[in-house]
Amino acid sequence: YAPEPLKAARQLVIEAVCQNGGALAYAAEPLKADRELVTEAVRQNGGALAYAAEPLKADRELVMEAVRQNGRALAFAAEPLKADREL
């Protein structure tokens, strides 16, 4: 648990997801749509893609980054990307 102001503190959340990508689950909703922050999270833990905003789950480059880290992250990608054989 963290107070809402901390969940919205971008630099604090970046530091948290760099240590544990799963911390993205506790970030404020606007930060879950922050491509740079979500990229850091999935580099540390591909499964963090589950907590990303829907538009980022359709971002091929971001999904590739997540799948590189953890092949099972593909399960959290947008439907069209799940059929992409290159992923």
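Atoms considered below: every heavy atom in the structure, side chains included; atoms not considered: hydrogens, waters and symmetry mates.
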Donor-acceptor pairs under 3.5 angstrom involving side-chain atoms of residues 44-51: please list them, not counting sequence neighbours.
from : atom 1 : to  : atom 2 : distance (Å)
Q44  : OE1    : G21 : N      : 2.5
Q44  : NE2    : Q19 : O      : 3.4
N45  : OD1    : G47 : N      : 2.9

**Request:** Check whether any side-chain N or O of K82 sits under 3.5 Å from a backbone N or O of A75 as a donor-acceptor pair, and report yes or no.
**Result:**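 At least one qualifying donor-acceptor pair exists.
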**Partner of L56 by side-chain contact (heavy atoms from CB on, under 4.5 Å), out of T39, V42, L62** =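 Output: one option passes, namely L62.
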**Option passing side-chain contact (heavy atoms from CB on, under 4.5 Å) with R43 (candidates Q69, E65, R68)** =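 When Q69, E65, R68 are each tested with R43, the side-chain contact (heavy atoms from CB on, under 4.5 Å) holds only for E65.
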**Request:** Measure the CD1-CG distance between I14 and D34 for me, rounded to the nearest 0.5 Å.
**Result:**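 Spacing of CD1 (I14) from CG (D34) equals 6.5 Å.
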**Item:** Enclosure of R72 CZ (heavy-atom neighbours >12, cutoff 6.0 Å)
**Value:**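 Atom CZ in R72 is not crowded, with 12 or fewer foreign heavy atoms closer than 6.0 Å.
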